[in-house]
Amino acid sequence: MQRYNPTEIEEKWQKKWKKEGLFKVDVKETANKYYCLMMFPYPSAALHVGHGRNYIIGDVVARYKMMRGYNVLSPMGWDAFGLPAENAAIKKGIHPRESTLGNIKMMKQQMESWGVEYDWDREVTSCMPDYYKWTQWIFLQLYKKGLAYRKKAFVNWCPSCSTVLANEQVIEGSCERCDSQVDQKELEQWFFKITEYAQKLLDDLDKLNEWPEKVRTMQRNWIGRSEGVNIDFPVVDSDITLTCFTTRVDTIFGCTYMVLAAEHSMVGELVKDNPEKDKIMDFVREVRNESKIKRVQTGEEKKGIFTGRYAINKINGRKIPLYIADYVLMEYGTGAVMAVPAHDQRDYEFAKKYELPIEVVIDKPSPVIPPVRRNFSEGGSAAENGSSLCHPDSEVRRSQIIRNSLAKAGAERVEGSINLKVEEMTEAYEEEGVLVNSDKFDGMKNTDAMAAIADHMEQNDIGKRSIHFKLRDWLISRQRYWGAPIPMIYCDKCGIVPVPEKELPVLLPEVVEFRPTGESPLNAAKDFVNTKCPKCSGDAKREIDTMDTFVDSSWYYLRYISPKLEDKPFDKKDVNNWFPVDQYIGGVEHAILHLLYSRFITKVLNDMGYVDFDEPFQRLFTQGMIVKDGAKMSKSKGNVVSPDELIKKYGADTVRLYTLFIGPPEKDAEWSDRGVEGAFRFLKRVWNILEILETSPEKGGDEKAKETLIRKMHQSIKKVTEDIDGEFHFNTAISAVMELANQVYVGISESGDGCYDKACLTEVMNNMVLLIAPFVPHIAEEINEQMGNKTSPFKSEWPSYDESMLKADTVVVPVQVNGKLRSTIEMSRGLDKDKIQALVETDEKVKEWISGKEVRKWIILPEKLVNIVVS
RNA sequence: GCGGAUGUGGCGGAAUUGGCAGACGCGCUGGCCUUAGGAGCCAGUGGUUUUACCGUGGGGGUUCGAGUCCCUCCAUCCGCACCA
């Protein structure tokens, strides 16, 4: 019997899997298809054990599903365009393609050393022309459908990366990559009209019930739908009408002024005759230039300026002053806000500062609360003693009364009295209540008034119900080199002309200066820029921006199905057969961007008839991070754990096992090198059972030991199966196999060597090999072979358990007295309550505990527990 | 501020129709074996003032019985954040 030598056997089996094409899939075979997808990585640098978790989990799922009889597709590719490669190119002076392809090669080797297998024939690399040709094709489809458009817009500009960022890439006013403060800059940019799909993207989240609730909530918040009313306010002495969006139309009678965003298009027009025009425009410029991070800073005081103009609140004919302020955003709603200082905290602060009127229109309900007498007995304060000082029912009754009166909301109001006094207010009252000072709506519950006032406005042409979203259109232009060129041409005669599909791909020019200058590096490649118009053949210029890499990654999963097709991005029939993806696995950091964009692109392709499904990912799993010393692994922190040395020392199976055992995979986990050794020990223990098997007797053995072991085996099969099928609880699945392996040793220690015959131990070993195969595939294959089996575990059937073998004939029942454990009694299964009670009554310990006491109650749960209540 | 999650030994973590808290692993202690041990095997390992009591972030409640259910407070993490 040789020692467990992982290095040797792992190489052997990795070669064999490759040779036999274990992971190769023919997409034409669609029966029992299972599409297992891992988010394709950005090829940046060597992988650490944290990255490994993603691939290992995916590999486990793929192998497990294989054993469950599925035809498993598990592909891998590279999200290979993007800034870091370009930055590295600038730094080291090598072409981004070189560094990218070098990284890909290295990462691929690492994946292989983990024993993580893919159908590499389907590898896609987004920076290769045969891929980005179709990224450009997708752009053209969106353009065709009017979903790609160009407009001048204030955009997020990262001065350090010299590029525009999508809203999603700005984190608290800073660039998500380099952390520099993001400026606002007005540029002509390409956008994808994702807002047109806002409602659908929101609605269909309900269908994705196999996604983590957290991710769905995040997307919901990001889309940010709110219902309200667009209200028209005509400006006095002008034909301008300003429209405000509000979700609190019930507070319209309390609107005492109105505020515009500095960016509002009417600002110039409104102040053009104002003698203080220059002062106002200075203020506007100041606000516009203020960085977003400063504007958003908590506690930042709101600034504003009076325009000198007034508008009319048509519902009551009131003339209200028109302000410009920094706290109103142009990006949301209409960029104009009706201010109700009594019922909106921001408006309240602003009104206080500029001494604008504050008027209450929603009153606090005034519940009539019967006085509850407190401190009527001796002892501490009411608070200390709680309800014990009151009649037990009075608390209940009191809260009921409060609830009722809130429901009726102020039915008890005395005519003309208002509970909420402006003089007494220290902040806005934003809660629910009853309308006051609101004309014919007085006395209405504010939630009812919302509908009533909206109806009134629609009937009288004052306003219109409206829905607004926080979601902005997706800005996809990037002023960088290393991305897919946007396939558009500008012709002086014909205007904007798309590149004809048959001329795709628009190739990235080879030699170019990458150093960022503020304009796209492609502009320096004159051969590229200067072209002919596809329409009139006259001189024309190409678009010099490239696409956001999120465009590349929003469709790659479709390409895997037919990665080599030259005349189409994918085959419709094959794609329809294989989609949706059965299991998508990746980091939660993509909860919004990538997953939202992918859903959007899929819906567009669906609407255009290219695919028959409208959601790409059936089930989503987001794994947690692996941290070291409490922090995310990073080179700068020096806490990166490289898998390479660990694999050299312990083997890939040990690293895999520990990674899976470390904790529930959806949670963050702390890496411990010591823990790795424990995993290694376990594998050795399993391996060494081979030796026990060799010396086992052909027949005989100890019946009790065999029975216990076989029972444990069935229990383990059940537990492992349920843990994988459920929420991927590999950690507890592995602990179940550990218990099984331990039982082998426990039996020997209790019943001596030779307590298992060969048949028994062989059965246990065969099943154990299958149970661990998805986690530690190399050692499973090797033990399997040493056992003399000819079929690979991955071509074998997943083991099944026998329900009747799970439980022993007798059961140990805990006996409690007054809820405290006092004894345990072994008894046969299936006894009725009377027999159990009789048995328990004979127990010495129980007798001791209940003697001299009055037994009030017996709680008997057969085969589970007995509790005797005494006093 | 809003939304979501988490809180259990020295550590990672188990435990759901409410029923023996701490599975499994790490670490630690002791023993066996060994020329040796950073190998292997066996035993022990929540705390304490140990006939028993106390223990799942704090406080309260429901129950024969609560880590699990209810109320309340606290802490940490994540996401969003002047969204009208």
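The structure displayed is predicted, hence computed values, not measured ones. The sequence lines fix the lettering, A, B, ..., with proteins before strands; numbering per chain opens at 1. Below, all heavy atoms of this structure are taken into account, side chains as well, without hydrogens, waters or symmetry copies.
For A/V812, the side chain to side chain contact (heavy atoms under 4.5 Å, CB included) criterion is met by A/T824, A/E826, not counting sequence neighbours. For A/N731, the side chain to side chain contact (heavy atoms under 4.5 Å, CB included) partners are A/P664, A/H729, not counting sequence neighbours. Partners of A/F621 by ring pair (Phe, Tyr, Trp, His ring centres under 6.0 Å), not counting sequence neighbours, listed by chain and number: A/F728. Partners of A/R681 according to the side chain to side chain contact (heavy atoms under 4.5 Å, CB included) rule, which considers only residues two or more places apart in sequence or in another chain, do not exist here. Partners of A/H468 under the ring pair (Phe, Tyr, Trp, His ring centres under 6.0 Å) rule, at least two apart in sequence or in another chain, are A/F245.
Under a 4.0 Å N-O distance rule, the pair A/K718/A/E722 qualifies as a salt bridge. For A/E213 and A/R220, the salt-bridge test passes: some basic side-chain N is under 4.0 Å from an acidic carboxylate O. The residues A/E739 and A/K712 are annotated as salt-bridged, a charged nitrogen and a carboxylate oxygen being separated by less than 4.0 angstrom. The residues A/D723 and A/K719 are annotated as salt-bridged, a charged nitrogen and a carboxylate oxygen being separated by less than 4.0 angstrom. Using a cut-off of 4.0 Å between Lys/Arg side-chain N and Asp/Glu carboxylate O, A/E844 and A/K847 are scored as salt-bridged.
Here the separation of B/U72 from B/C77, taken at their P atoms, is 24 Å to the nearest Å. Comparing B/U8 with B/U56, their P atoms are spaced 11 Å from each other, to the whole Å. The C1' atoms of B/G67 and B/G18 are separated by 11 Å, rounded to the nearest whole Å. Between the C1' atoms of B/C33 and B/C42, the separation comes to 11 Å (whole Å). B/U16 and B/U50 have their P atoms separated by 35 Å, given to the nearest Å. For the P atom pair drawn from B/G10 and B/U49, the interatomic distance equals 15 Å after rounding to whole Å. If you take atom P in B/U6 and the same atom in B/G13, they sit 13 Å apart, rounded to whole Å. The same atom, P, is picked in B/C26 and in B/C73; the two are 42 Å apart, to the nearest Å.
A straight line from CH2 of A/W671 to P of B/G25 spans 18 Å, rounded to a whole angstrom. Taking atom CG of A/L471 as the reference point, atom P of B/A81 lies 12 Å away to the nearest angstrom. Nucleotide B/G27 holds its P atom 12 Å from the CG atom of A/D673, rounded to whole Å. Put simply, CZ on A/F233 is 16 Å from P on B/A84, counting in whole angstrom units. Going from atom CG of A/L657 over to atom C1' of B/C26 covers 13 Å, rounded to whole Å. Between the CD atom of A/E427 and the P atom of B/G1 there is a distance of 12 Å, given to the nearest Å. The nearest whole Å value for the distance from the CZ atom in A/R3 to the P atom in B/G40 is 10 Å. Distance NZ (A/K470) to C1' (B/C82): 11 Å, rounded to an integer number of Å.
A donor-acceptor pair under 3.5 Å is formed between the side chain of A/H343 and the backbone N or O of A/I362. With A/N230 contributing its side chain and A/G463 its backbone, the two residues share no donor-acceptor pair below 3.5 Å.
Both tests do not hold together for A/R216 against A/W211: distance to the six-membered ring centre under 6.0 Å, angle to the ring axis within 45°. For A/K302 and A/Y327, the positive end sits near the middle of the six-membered ring, less than 6.0 Å away and at most 45° from its axis. Seen from the ring of A/Y745, A/R685 counts as a face-on cation partner, given the 6.0 Å and 45° thresholds.
As judged by a 4.0 angstrom heavy-atom cut-off over every strand, A/V588 is placed among residues making no nucleic acid contact. Residue-level contact check: A/G224 touches neither bases nor backbone, having no heavy atom under 4.0 Å from any strand. Base contact: A/V337 has a heavy atom under 4.0 Å from a base atom. Within 4.0 Å of A/T247, counting heavy atoms only, lie sugar-phosphate atoms of the nucleic acid but no base atom.
Distance from the side chain of A/S226 is smallest to B/A84 among B/A23, B/A84, B/C82. Proximity note for A/K719 (side chain, C-beta onward) versus B/A81, B/A15, B/C24: the nearest is B/A15.
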Identify all pairs in which a protein N or O lies below 3.5 Å from an N or O of nucleotides 50-57 of chain B, and state each distance.
| residue | atom | partner | partner atom | Å |
| --- | --- | --- | --- | --- |
| B/C53 | OP1 | A/R822 | NH2 | 3.2 |
| B/C53 | OP2 | A/R822 | NH1 | 3.2 |

Could you list, one pair per line, each protein nitrogen or oxygen that sits under 3.5 Å from a nitrogen or oxygen of nucleotides 65-70 of chain B, together with the distance?
none

Review item, nucleotides 41-49 of chain B N/O atoms under 3.5 Å of protein N/O:
| residue | atom | partner | partner atom | Å |
| --- | --- | --- | --- | --- |
| B/C41 | OP1 | A/R685 | NH1 | 3.0 |

Strictly under 3.5 Å: I want the nitrogen or oxygen pairs between protein and nucleotides 28-38 of chain B, one per line.
| residue | atom | partner | partner atom | Å |
| --- | --- | --- | --- | --- |
| B/G38 | N2 | A/K649 | NZ | 3.4 |

For nucleotides 4-13 of chain B, which of its nitrogen or oxygen atoms have a protein nitrogen or oxygen under 3.5 Å away, and what is each distance?
| residue | atom | partner | partner atom | Å |
| --- | --- | --- | --- | --- |
| B/G12 | O2' | A/I662 | O | 2.7 |

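The neighbour count for A/K353 NZ, taken as heavy atoms of other residues, nucleotides or ligands under 6.0 Å away, is above 12.
Aromatic ring centres of A/F350 and A/Y257 lie closer together than 6.0 Å.
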Checklist entry - What's the verdict on side chain to side chain donor-acceptor pair (under 3.5 Å) for A/Y332 and A/S226, showing C-alpha distance, side-chain angles and the deciding distance? => result CA-CA 11 Å; A/Y332 186 74; A/S226 43; 2.5 Å; yes
Item to check | Steps toward side chain to side chain donor-acceptor pair (under 3.5 Å) verdict (A/R822, A/Q816) | outcome: CA-CA 5 Å; A/R822 296 305 182 195; A/Q816 300 178 332; over 6 Å; no
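RNA chain B is contacted by both A/M218 and A/A679; A/A679 maps to the nucleotide lying nearer its 5′ end (nearest heavy atom per residue).
Of the inter-residue distances, the one linking A/T695 atom OG1 with A/I692 atom CD1 reads 7.0 Å to the nearest 0.5 angstrom.
Taking the O4'-C1'-N9-C4 or O4'-C1'-N1-C2 dihedral as appropriate, B/G25 has a value more than 90° from 0 and is therefore anti.
Consecutive pairing runs in RNA chain B reach the stem threshold at B:1-7 with B:74-80, B:10-12 with B:24-26, B:27-32 with B:40-45, B:46-48 with B:52-54, B:57-61 with B:69-73, where a stem means at least three Watson-Crick or G-U wobble pairs with distances under 3.5 Å.
Residue pairs satisfying the side-chain hydrogen bond (donor to acceptor under 3.5 Å, both in side chains) criterion with at least one member in residues 657-666 of chain A, sequence neighbours excluded, are absent.
Judged by atom type and distance alone, A/K302 reaches the base of B/C82 through a side-chain donor-acceptor pair under 3.5 Å.
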